[in-house]
Peer 1: 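Here it is, the structure, as structure tokens.
Residue numbers start from 1 in every chain, and the chains themselves are labelled A, B, ... in the order their sequence lines are given, proteins ahead of strands. As the structure is a computational prediction, the values presented were derived from the model and not from experiment.
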Amino acid sequence: MSKKYQTPLLDELKKGKWPSFVTEIERAAEKSEMTDDLLGQVEQSYKERMGHWKHGGMVGVKGYGGGIVGRFSDLPEKYPGVKEFHTIRINQPSGFFYTSDILRKIVDIGDKHASSLYNFHGSTGDIQMLGVKTSELETIFQQLVSFGFDLGGSGSALRTPSCCVGMARCEFANYDAMNICYNITQAFQDEMHRPIFNYKFKFKFSGCGNDCTASIARADLSVIGTWKDNIRIDQDMVKEYAKKMNLHKYVTSKCPTKCMSYGETGLKIDDSNCSKCMHCINVMPKALRPGVKGGATILLGSKAPMVSGPRLSMVLVPFYDVAEDAKNGYQWFRDLIGKIWEFWDEYGVSRERVGELIQRVGIGNFLEAIGLEPLPEMVSSPRGNPFVLYEDYVEVDGEQG
Amino acid sequence: MPDVSGTKRITDVGPHDYHDFLHPVIKNNYGKWKYHEILSPAHMVHVSEAGDKIYSVRVGSPRLVSGFFIRDLCDLADKYTGGYLRFTTRNNVEFLLDKEENIEPLMNDIKKLNLPLGGIGNVVANIVHTQGWIHCHTAASDASGVTKALMDDLYEYYIDAKLPAKVRIAFACCLNMCGAVHCSDIAVLGIHRRPPKLVPDKIINLCEIPSTIASCPTNAIRPDTYNGKPNVKLIEEACVFCGNCFTVCSGMPISDPLNDGVSIWVGGKVSNARTKPSFSKLAVPYLENDPPRWPKVVEAVKTILDAYKNGAEKGERVGEWIERIGWPKFFNITGFKFTKYHIDDFRLGEATMNYSAQVRQ
């Protein structure tokens with residue numbers, strides 16, 4: 001097939017060893033004429049050094065307020081194929097596991113009804129089917145649900161929760177991240193598909209402190225695996241590692257709490273002082289394993305810069321017994337989320353993430369409202385200034401204030 | 001929206017149950033993995049308590065892929081893994097095998113497709129990136145193009161583990177930062193440098209005035225009237241060019257090909273290992289958009305990577321290395337100029353000043 005547009009700038013990006021997205025767009029163009037026009041428009045962007053997509057545009061399927069990102073070209077006459085070029089977000093399975101059969105079913109739909117271009121995966125976790133016309137949305141949606149795939153989140157709603165590979169293929173997993181991710185997503189379908197929040201809300205589940213989902217940086221609610229008991233040590237394997245590397249230099253001296261030492265009696269760990277950072281286990285995976293009493297630390301509030309600056313998540317619940325709660329359909333966790341959302345709904349303003357709200361109203365007030373006790377695990381240190389808003393005092397007559 | 005009245009529709013089925021996509025060895029050993037071993041930068045083995053093994057072969061992808069690409073992966077999976085594969089959180093593909101003898105032929109077939117094998121261990125991991133000019137209306141730069149140019153140049157660091165520790169690079173095409181760009185070893189961030197140009201007629205017709213005002217982090221957008229109707233005005237000297245107002249209001253376009261470009265940030269991480277998770281810090285405030293291959297961005301990233309490779313101790317992430325040697329030395333050896341832009345003057349920013357006499361002389 002001859003190319004509709006000359007794309008000398010994009011052609012430069014077909015060179016080099018890393019697989020080229022330009023080549024992928026060209027391959028997709030064999031299936032869809034829309035994709036040719038995408039090449040033309042992006043080439044123009046490369047020439048002019050600016051994008052050519054119109055601002056927003058509300059499109060969707062009946063009964064849903066999200067899951068589709070509307071996208072329209074601002075040069076529709078020149079590039080009619082991308083006049084409408086929406087994205088369908090498809091909720092990925094936990095842990096991004098697939099079979100070839102199911103992937104072919106998904107791309108069969110996109111190749112027939114859309115541009116044959118995909119993101120595996122979007123930043124939040126969804127499969128993204130790019131280049132969909134409004135008229136095709138319902139067909140694609142109903143074909144997807146017919147084999148058990150649904151839309152993801154978009155807009156001011158619960159965004160598609162995601163998790164790491166968890167217990168499926170990682171010995172570091174301290175709780176079943178894939179299971180809670182699946183269950184919570186199922187439990188909150190309404191909050192995902194029908195945006196009623198002030199702004200977006202994200203869950204991410206990581207099985208250990210290595211945090212492969214980057215939950216601490218980008219999930220309003222970050223669930224990060226930890227354990228209560230002792231690191232399991234295979235002293236013979238520790239000795240094997242000691243033959244190959246300087247354990248003091250690369251393991252024990254790197255421990256943030258200096259809770260371990262290595263000597264003639266082997267590796268000693270003061271587990272009561274271990275902050276579960278994962279370093280020693282990362283370096284010696286054959287010798288060390290997390291304890292058996294696994295669970296998670298729940299942290300709250302991280303986000304990208306908009307509006308009031310970037311934030312990391314902070315400790316809210318030092319230890320959450322995930323396995324115990326799983327027996328009850330994660331009811332404790334769902335209740336906690338319910339309380340957080342209720343407070344956010346009551347006091348948050350438009351486009352205010354929950355972390356920003358807490359910053360504005362004060363963390364103490366927030367904890368009181370959702371019924372959690374202040375704990376020293378929540379802070380790096382107690383406050384260093386004396387501007388305390390005391391609430392309890394005594395009147396002259398001895399009455400308590 | 002098409003008329004679907006009277007048709008029987010299915011909704012809210014939620015995500016597909018992951019159990020249907022798990023390799024039998026994974027199903028049998030779920031939660032019972034004992035240890036793993038990295039066998040090469042492109043493959044590793046996980047061994048279960050029962051002694052079962054699952055091999056993972058990792059392949060880089062450009063993330064934006066065609067149906068053909070996915071079908072290629074499926075064909076390989078059918079041939080070598082019984083059809084089982086997964087993706088990583090950083091856009092890699094992982095083939096899951098229980099037969100060790102299939103690893104080499106699978107890798108050979110992957111090489112025939114010109115796909116990179118690597119990404120495990122102390123490598124430059126696949127770049128997490130956003131949509132850019134391919135699909136986003138607020139992009140100040142292109143994402144796929146910069147990513148491709150960078151990975152072409154850093155290819156040897158993906159296929160071979162020769163760095164002191166893992167290096168995670170991320171790209172975001174505007175301050176909305178889809179993805180965890182702000183906590184990466186090296187982050188490239190699309191930026192604007194001029195205030196939005198207000199289009200009063202559009203603002204009246206298409207924008208919600210209160211949410212437009214609320215979108216501004218510095219209160220630079222104030223209520224106003226235009227032709228007797230509610231509108232907004234902009235205090236230009238207070239604008240920090242974030243573009244959030246354009247996200248909520250199409251009457252505030254901010255794209256400016258003359259001044260848009262990227263900034264480069266270093267030393268962030270999300271892992272809790274050793275040191276706490278941290279933000280990436282500003283290294284280079286501005287580099288122009290220079291498509292198609294952004295050579296100055298590639299050069300700056302290479303400069304950081306080379307300095308890190310030469311200076312860091314084994315196991316140190318970029319941020320840990322800089323903390324050890326100090327920021328003055330970082331700017332000295334990279335040659336990047338330290339300017340007033342590097343001093344944080346936003347909310348809580350003064351916490352980043354040096355309140356001590358601990359100065360390397």
Peer 1: Do A:F172 and B:W33 have ring centres separated by under 6.0 Å?
Peer 2: no
Peer 1: Tell me whether A:R49 is salt-bridged to B:D290, with the criterion being a basic N under 4.0 Å from an acidic carboxylate O.
Peer 2: yes
Peer 1: Mind checking whether A:F21 and B:W133 have ring centres under 6.0 Å apart?
Peer 2: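 So the answer is no for these two rings.
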Peer 1: At a heavy-atom separation under 4.5 Å, does B:L348 approach chain A through its side chain, its backbone, both, or neither?
Peer 2: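 It is the side chain, since no backbone atom gets that close.
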Peer 1: Going by distance alone, is a donor N or O of one side chain under 3.5 Å from an acceptor N or O of the other, for B:S215 and A:R351?
Peer 2: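 Checked: B:S215/A:R351 side chains show no N/O donor-acceptor pair below 3.5 Å.
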Peer 1: In terms of heavy-atom proximity below 4.5 Å to chain A, should B:Y155 be classed as side chain, backbone, both, or neither?
Peer 2: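 The answer is the side chain of B:Y155.
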Peer 1: Please name the pair of heavy atoms, one in A:M306 and one in B:N244, separated by the smallest distance, quoted to 0.1 Å.
Peer 2: SD-CB, 3.4 Å
Peer 1: Is it true that A:E12 and B:R293 have a side-chain N and a carboxylate O under 4.0 angstrom from each other?
Peer 2: no
Peer 1: Passes salt bridge (charged side-chain N to carboxylate O under 4.0 Å, His left out), B:E94 versus A:R169? Steps please.
Peer 2: CA-CA 12 Å; B:E94 281 181 347; A:R169 202 215 48 200; 2.5 Å; yes
Peer 1: What residue, out of A:D211, A:N119, A:T35, A:V107, has the most heavy-atom pairs lying under 4.5 Å from chain B?
Peer 2: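 When all of A:D211, A:N119, A:T35, A:V107 are compared, A:N119 has the most.
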Peer 1: Quick check on the 6.0 Å ring-centre criterion: do B:F87 and A:Y98 meet it?
Peer 2: yes
Peer 1: Please classify the contact of B:Y84 with chain A as side chain, backbone, both or neither, using a heavy-atom distance under 4.5 Å.
Peer 2: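 When you check distances to chain A, atoms from both the backbone and side chain of B:Y84 fall under 4.5 Å.
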Peer 1: Heavy-atom distance under 4.5 Å to chain A: side chain of B:K27, backbone, both or neither?
Peer 2: neither
Peer 1: Below 4.5 Å from any heavy atom of chain A, which atoms of B:C173 appear? Answer side chain, backbone, both or neither.
Peer 2: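 Neither part, no heavy atoms under 4.5 Å.
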Peer 1: Looking at A:H55, A:H52, A:K54, which one forms a side chain to side chain contact (heavy atoms under 4.5 Å, CB included) with B:H137?
Peer 2: A:H55
Peer 1: Could you walk me through whether B:D153 and A:K17 pass the salt bridge (charged side-chain N to carboxylate O under 4.0 Å, His left out) check?
Peer 2: CA-CA 8 Å; B:D153 228 71; A:K17 284 184 173 171; over 6 Å; no
Peer 1: Where on B:E156 is there a heavy atom nearer than 4.5 Å to chain A: the side chain, the backbone, both, or neither?
Peer 2: neither
Peer 1: Can you tell which part of B:I54 gets under 4.5 Å to a heavy atom of chain A, answering side chain, backbone, both or neither?
Peer 2: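 Just its side chain gets close to chain A.
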Peer 1: Between B:H46 and chain A, which part of the residue has a heavy atom less than 4.5 Å away: side chain, backbone, both or neither?
Peer 2: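 Only the side chain of B:H46 comes within 4.5 Å of chain A.
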Peer 1: Should B:D152 and A:K15 count as an ion pair when the cut-off is N to O under 4.0 Å?
Peer 2: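 The answer is no: the pair does not qualify as a salt bridge.
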Peer 1: Counting only heavy atoms closer than 4.5 Å, note whether B:H129 contacts chain A via side chain, backbone, both or neither.
Peer 2: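 Just the backbone, heavy atoms under 4.5 Å.
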Peer 1: Please state whether the side chain, the backbone, both or neither of B:L96 comes within less than 4.5 Å of a heavy atom of chain A.
Peer 2: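 Only the side chain of B:L96 comes within 4.5 Å of chain A.
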Peer 1: With a 4.5 angstrom heavy-atom cut-off, could you sort out which part of A:K303 is near chain B: side chain, backbone, both or neither?
Peer 2: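 For A:K303, the contact with chain B is made by the backbone alone.
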Peer 1: With a 4.0 Å cut-off on N to O distance, would you call A:D108 and B:R71 a salt bridge?
Peer 2: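 Yes, charged N to carboxylate O under 4.0 Å.
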Peer 1: Can a cation-pi geometry be assigned to B:R86 and A:F97, taking NZ or CZ under 6.0 Å from the six-membered ring centre and within 45° of the ring axis?
Peer 2: yes
Peer 1: Walk me through whether A:E24 and B:K148 qualify under salt bridge (charged side-chain N to carboxylate O under 4.0 Å, His left out).
Peer 2: CA-CA 12 Å; A:E24 289 303 315; B:K148 161 74 173 146; over 6 Å; no
Peer 1: So which part of B:Q131 gets closer than 4.5 Å to some heavy atom of chain A, the side chain, the backbone, both or neither?
Peer 2: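 Side chain only.
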Peer 1: Quick check against the 3.5 Å criterion: does B:R9 have a side-chain atom that pairs as donor or acceptor with the backbone of A:K62?
Peer 2: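 Present.
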Peer 1: Checking the side chain of B:N272 only, and the main-chain atoms of A:N210 only, is there a donor and an acceptor separated by less than 3.5 Å?
Peer 2: no
Peer 1: At their closest point, which heavy atom of A:T99 faces which heavy atom of B:D20, and how far apart are they?
Peer 2: CG2-O, 4.0 Å
Peer 1: Counting only non-hydrogen atoms closer than 4.5 Å, does B:S250 touch chain A with its backbone (N, CA, C, O), its side chain (CB onward), both, or neither?
Peer 2: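 Interface part for B:S250: both.
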Peer 1: Would you say A:S100 and B:D78 are linked by a side-chain donor-acceptor pair, where the criterion is simply a distance under 3.5 Å?
Peer 2: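 On atom types as modelled, these side chains qualify, holding a pair under 3.5 Å.
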Peer 1: Counting only heavy atoms closer than 4.5 Å, note whether B:D72 contacts chain A via side chain, backbone, both or neither.
Peer 2: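 For B:D72, side-chain heavy atoms alone lie under 4.5 Å from chain A.
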Peer 1: Under 3.5 Å, is there a donor on one side chain and an acceptor on the other for B:H135 and A:T87?
Peer 2: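 Judged by distance alone, the side chains do pair up.
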